[in-house]
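Keep in mind that what you see is a predicted model, and the values were worked out from it rather than measured.
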Number of protein chains: 2
Amino acid sequence: MKAFHEYKNPSLAVDLVVFGYHDNTLSVLLLNRKEEPFKDQWTLPGGFLQMEETLRDTCARILLTKLGMKEVFMEQLYTFDDPARDPRGRVIAVGYYALINPSKFGIVAGTMANDVKWFDVKQLPVLGFDHQQIFEAALQRLRSKILYYPVGFELLDELFTITELHELYECILQMKLDRRNFRRKILDAGYIVNTGTKREGLKNRHPELYKFNKHLKKNSFHISTPEQE
Amino acid sequence: MKAFHEYKNPSLAVDLVVFGYHDNTLSVLLLNRKEEPFKDQWTLPGGFLQMEETLRDTCARILLTKLGMKEVFMEQLYTFDDPARDPRGRVIAVGYYALINPSKFGIVAGTMANDVKWFDVKQLPVLGFDHQQIFEAALQRLRSKILYYPVGFELLDELFTITELHELYECILQMKLDRRNFRRKILDAGYIVNTGTKREGLKNRHPELYKFNKHLKKNSFHISTPEQE
DNA sequence: TCAAAAGTGTTCGGTCTACACCCATGC
DNA sequence: GCATGGGTGTAGACCGAACACTTTTGA
């Protein structure tokens with residue numbers, strides 16, 4: 001057996017799938033690379049792990065320095081190890097996904113540097129490296145997670161109406177959900193709390209505003225979908 | 001930005017949670033370390049990634065060379081990155097779990113080298129490194145996966161009775177499941193095929209032998225548990 | 001008073017659960 | 001024939017899906 005330090009090590013990177021929700025559209029944040037390889041192509045934000053960092057630290061550093069975001073929801077996805085995934089050499093990438101509310105950081109389409117851009121998940125450009133694969137894993141995880149875990153609140157404002165939450169679910173899952181059954185499911189699960197206030201200034205009846213219940217009793221619910229996968 | 005090769009890299013290892021099922025007991029394979037750190041303590045089998053290997057390759061190499069097993073079911077679990085998880089230095093470990101049928105490899109308790117041993121998952125010794133955490137993640141994954149994906153067949157012989165499959169489920173989930181409802185659920189899902197043969201030589205009625213249906217139509221089922229988690 | 005969205009309740013049908021009964025075998 | 005486990009059926013509870021009606025608001 002070799003001594004501990006004799007092993008050659010691949011580089012270790014994280015790649016981030018940053019989801020944002022705005023105007024009834026689920027988007028992903030992409031960077032336009034200014035260097036080879038994949039110069040002028042769109043890729044996921046990412047970076048190399050520093051020796052003293054945890055993987056979460058690395059993600060947080062990238063989110064803060066490259067994108068100006070902090071304290072966002074984040075979860076590890078999967079570790080991607082195709083030896084050919086990076087033409088520069090052997091790089092193992094740990095995929096993470098993050099959920100952010102774009103309005104919190106004042107970065108919406110058009111106002112950002114032209115090398116950082118939100119893309120509708122339904123209309124992604126060709127991505128460099130194996131980032132298409134990482135993106136797909138993230139979207140799949142988000143879609144299955146939202147069915148049994150209250151993950152949508154990370155994407156909305158602190159106060160929201162049930163209709164807004166409903167639209168978010170339909171947008172992420174890309175399917176129609178019965179409005180009334182959705183409402184009952186979410187309320188029964190105890191995930192949201194009525195604040196007693198209403199959203200004003202709308203044309204029609206003023207809907208009640210809810211907030212996320214951080215101290216919920218039950219720890220799971222289940223939104224049924226016609227095609228379980 | 002630093003040039004590509006200037007980054008220092010942590011070591012990259014895999015750690016394996018190898019599950020085996022025998023005599024109505026779910027066991028994990030542990031190694032007794034002969035070196036520091038954690039000398040004479042039990043740990044999960046593991047090893048460092050070689051530059052030309054995928055993570056699966058590394059797992060397969062460890063399984064073959066250390067344990068004499070090949071062509072086993074394997075799945076990536078999670079990547080563990082606590083900077084203090086290995087006292088020798090910074091080591092990132094990608095956890096994998098494997099499901100094997102001990103009778104296939106002729107390694108059962110007592111016949112193996114005394115530094116390799118099966119332990120009942122209910123009576124594990126204190127583990128070195130962060131291997132307790134990795135083990136727990138693996139057991140949790142196995143328990144949730146078996147509810148909707150036909151993963152138990154990796155642990156059984158090619159031919160098995162429904163009662164044997166039922167006992168396996170009860171053993172892994174650590175709960176009683178109604179015998180008759182279990183039978184219907186499994187049969188309706190189409191996951192097993194009646195071979196027409198029967199297990200002979202038992203005291204009572206000879207049960208029918210089934211095999212796993214590799215070409216199933218539906219791709220999911222759901223075993224309900226009293227306490228959904 | 002009308003259109004449009006928000007809020008509430010009810011019916012129907014399938015699925016899961018908790019059972020009881022018969023069948024095959026070895027002793 | 002009897003003890004033991006294997007195979008099959010069924011009534012009731014429960015839950016989810018589909019759907020209709022009333023309420024509130026701005027114009």
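- A:Asn181 places its CG atom 16 Å from the P atom of C:dC12, with the value rounded to the nearest Å.
- Look at CG on A:Leu147: it is 15 Å from C1' on D:dG16, rounded to the nearest Å.
- Side-chain atoms of A:Arg199 stay outside donor-acceptor range of the base of C:dA5, with no qualifying N/O pair under 3.5 Å.
- When distances are taken from the side chain of B:Lys185 to each of C:dC16, C:dG9, D:dG6, the shortest belongs to C:dC16.
- Nucleotides of DNA chain D nearest to B:Tyr210 and A:Asp178 differ in position, and the one nearer the 5' end is that of B:Tyr210.
- Here C:dC19 presents its P atom at 15 Å from CG of B:Leu177, a figure rounded to the nearest Å.
- Side-chain contact check for A:Thr58 versus A:Leu12: every heavy-atom pair is 4.5 Å or farther apart.
- Backbone-only engagement by A:Leu202 is indicated by non-hydrogen atom pairs under 4.0 Å involving sugar-phosphate atoms exclusively.
- Side-chain contact, B:Thr197 with B:Thr195: a donor N or O sits under 3.5 Å from an acceptor N or O.
- Under the ring-ring contact (aromatic ring centres under 6.0 Å, His included) criterion, A:Phe135 pairs with no residue at all, not counting sequence neighbours.
- Nearest nucleotide to the side chain of B:Lys203, out of D:dG7, C:dA18, C:dG26: C:dG26.
- In this model, the phosphate group of C:dG9 is not approached by any side-chain N or O of A:Arg180 to a distance below 4.0 Å at OP1 or OP2.
- Distance, A:Lys176 NZ to D:dA18 C1': 16 Å, rounded to whole Å.
- The phosphate of C:dA6 has neither OP1 nor OP2 within less than 4.0 Å of any side-chain N or O from A:Arg179.
- Between the CE atom of B:Met175 and the P atom of C:dT17 there is a distance of 11 Å, rounded to whole Å.
- The backbone N or O of B:Leu77 lies less than 3.5 Å from a partner atom in the side chain of B:Arg141, making a donor-acceptor pair.
- Each of D:dG6, D:dG9, D:dT4 was ranked by its minimum atom distance to the side chain of B:Asn204; first place goes to D:dT4.
- Between B:His206 and C:dG26 there is a side-chain polar atom (N or O) within less than 4.0 angstrom of OP1 or OP2.
- Distance from the side chain of A:Arg184 is smallest for C:dT10 among the nucleotides C:dT10, D:dG6, C:dT17.
- Within 4.0 Å of A:Thr163, counting heavy atoms only, lie sugar-phosphate atoms of the nucleic acid but no base atom.
- In this pair, B:Phe129 and B:His131 present their aromatic rings tilted. The plane angle is within the 30 to 60° band.
- Computed from coordinates, the B:Arg205 CZ to D:dT4 C1' distance equals 12 Å when rounded to whole Å.
- Separating the CG atom of A:Asn24 from the P atom of C:dA5 is a distance of 13 Å, rounded to the nearest angstrom.
- Atom-to-atom, CZ of A:Phe182 to C1' of D:dC19 comes out at 19 Å; the value is rounded to the nearest Å.
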